[in-house]
Protein chains: 2
Amino acid sequence: MHETFYIAIVDDHTMFRKGITALINLFPGYRVLFDAANGKDFIHQLKPPHLPDIVLLDISMPEMDGYATADWIRVNHPGICILALSTMESETAIIKMIKHGARGYILKDADPSELQLAFRESLSKGFYYNDAITGLVLQAVGDLFNNNTRELAPGKLTDRELSFVRHACSEKSYLQIARDLQVSERTVDGYRESVFKKLKVSTRVGMVLFAIRTGMVKL
Amino acid sequence: MHETFYIAIVDDHTMFRKGITALINLFPGYRVLFDAANGKDFIHQLKPPHLPDIVLLDISMPEMDGYATADWIRVNHPGICILALSTMESETAIIKMIKHGARGYILKDADPSELQLAFRESLSKGFYYNDAITGLVLQAVGDLFNNNTRELAPGKLTDRELSFVRHACSEKSYLQIARDLQVSERTVDGYRESVFKKLKVSTRVGMVLFAIRTGMVKL
DNA sequence: TGAGCATCGGGGAAAACCACCCTGTTCCTT
DNA sequence: AAGGAACAGGGTGGTTTTCCCCGATGCTCA
């Protein structure tokens with residue numbers, strides 16, 4: 001008697017989602033439990049205790065992207081194996097996804113047999129990485145040993161930081177923001193640094209996107 | 001006894017291709033004859049007189065894109081029904097594909113049932129267009145009659161510019177975007193400059209805010 | 001008595017921004 | 001048929017802004 005493993009698929013393109021679903025249902029020993037258009041949809045459709053063994057997670061999605069969804073899964077259902085599925089071959093995307101807890105990274109133009117292999121490997125060994133990206137994985141692992149700030153604290157912002165963020169959601173330069181807030185350029189630089197750390201972003205655009213997604217600023 | 005219609009799929013993403021294949025093979029009365037990664041691959045795999053009734057054609061592909069492939073099919077096998085399959089919702093892409101002989105245009109995030117409907121309609125009526133797209137088709141036809149040169153939209157972005165903007169709504173640097181879009185850093189710099197002018201913004205943050213406010217990119 | 005917050009500063013690398021330059025193609029108008 | 005937009009793609013060189021270290025002071029609160 002063979003055990004059946006359950007898969008969930010999260011991707012914003014319906015056609016791709018349904019296609020992959022049909023494909024996976026042809027794999028012996030695997031069934032698609034459900035599919036979702038984004039992270040929010042996924043969370044909404046999750047009905048414990050019927051959890052998927054593996055989540056196939058696209059990175060770029062509206063509403064709630066792959067990184068945010070991976071965070072949520074890691075916190076709320078650490079037993080679920082996260083496999084990232086993306087067209088992007090960019091190092092940063094891969095490393096970022098690994099840092100967010102993905103156990104594997106599969107390119108959308110890989111062969112379906114690789115997908116099946118990824119299922120097997122990640123369930124038995126706990127991870128699956130393509131030869132092409134193993135190097136990147138090792139580098140990311142190194143980073144985790146060095147400066148791992150793995151607390152995913154919400155990171156509440158202070159009043160000053162909040163008003164800084166609101167000013168930053170504009171075309172103003174940091175120098176202009178400093179003048180508006182009646183503080184020095186260095187002080188604003190300090191706001192930036194602490195906000196980046198708290199929101200876990202690395203660029204001003206990332207901060208703006210975060211602020212809008214979470215409703216910190218209204219448009 | 002029902003007749004069986006044969007489908008060919010042309011798309012550069014293997015995973016999507018194989019997924020759609022599995023999906024279509026579940027449709028009663030339809031079989032996937034073969035799938036190809038691009039136009040050249042498609043031509044190479046064609047073995048007359050075993051021709052597909054319908055070709056599902058992606059637009060953006062390496063080697064030989066959707067437009068070129070459509071041209072070739074129209075010239076060499078006019079009997080084959082071409083259905084465009086794309087993520088792009090841009091007017092120009094749709095109109096251009098229609099001009100190249102596509103009998104229908106289906107978005108990748110449409111429901112599979114729409115795909116099945118498109119098969120039925122295009123085989124019986126000779127064409128299939130979504131309600132949302134019919135308007136564009138009519139407008140395109142209208143333009144052919146009265147030389148309508150209205151540029152009602154203030155800053156209409158091209159396809160490349162649009163995908164640039166979408167990539168820019170992230171923490172990626174312009175260099176990374178250049179690599180993702182497979183163009184040089186200078187070219188991306190050109191996109192930036194023309195988009196800034198068209199949207200009347202002066203910084204990347206301004207562009208991101210504009211894109212979100214107008215729904216150019218969804219969050 | 002640290003921890004966290006607010007405020008400043010220098011220096012430097014990277015990214016973003018800008019201004020001109022060039023090649024082609026396609027499509028439309030004259 | 002010729003010209004001119006508009007488009008995709010690439011290039012040099014330069015300024016400004018962002019980003020990220022290294023500090024520092026003083027204040028409050030538990």
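All values below were derived from every heavy atom in this structure, side-chain atoms included, with hydrogens, water molecules and symmetry-related copies excluded. In what follows, every chain begins at residue 1, and chains take the letters A, B, ... in the order their sequences are listed.
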Figure out the CE/C1' separation between A/Met207 and C/dA15, and round it to whole Å. 15 Å

How does protein reach along nucleotides 8-27 of chain D, written 5' to 3' as B (base within reach of a heavy atom under 4.0 Å), S (only sugar-phosphate), or - (no contact)? SSBBB-----SBB-------

OP1 or OP2 of C/dC5 less than 4.0 angstrom from a side-chain nitrogen or oxygen of A/Lys198, does that happen here? yes

Whole-Å distance, A/Leu157 CG to C/dG4 P, equals 15 Å

Taking atom NZ of A/Lys172 as the centre, report whether more than 12 heavy atoms of other residues, nucleotides or ligands fall under 6.0 Å from it. yes

Atom pair distance, as rounded to whole Å: OH in B/Tyr67 and C1' in C/dT25: 15 Å

With sequence neighbours excluded, residues passing side-chain contact (heavy atoms from CB on, under 4.5 Å) with B/Glu185: B/Leu175

Would you tell me whether B/Asp41 and B/Gln45 have side-chain atoms, one donor and one acceptor, within less than 3.5 Å of each other? yes

When you compare the side chains of B/Glu114 and B/Tyr128, does any donor N or O come within less than 3.5 Å of an acceptor on the partner? yes

Report the residues that fulfil side-chain contact (heavy atoms from CB on, under 4.5 Å) with A/Ala70, sequence neighbours left out, ordered by chain and then residue number. A/Leu57, A/Ile82, A/Met97, A/His100

Taking the six-membered ring for Trp, are B/Phe119 and B/Phe5 ring centroids under 6.0 Å apart? no

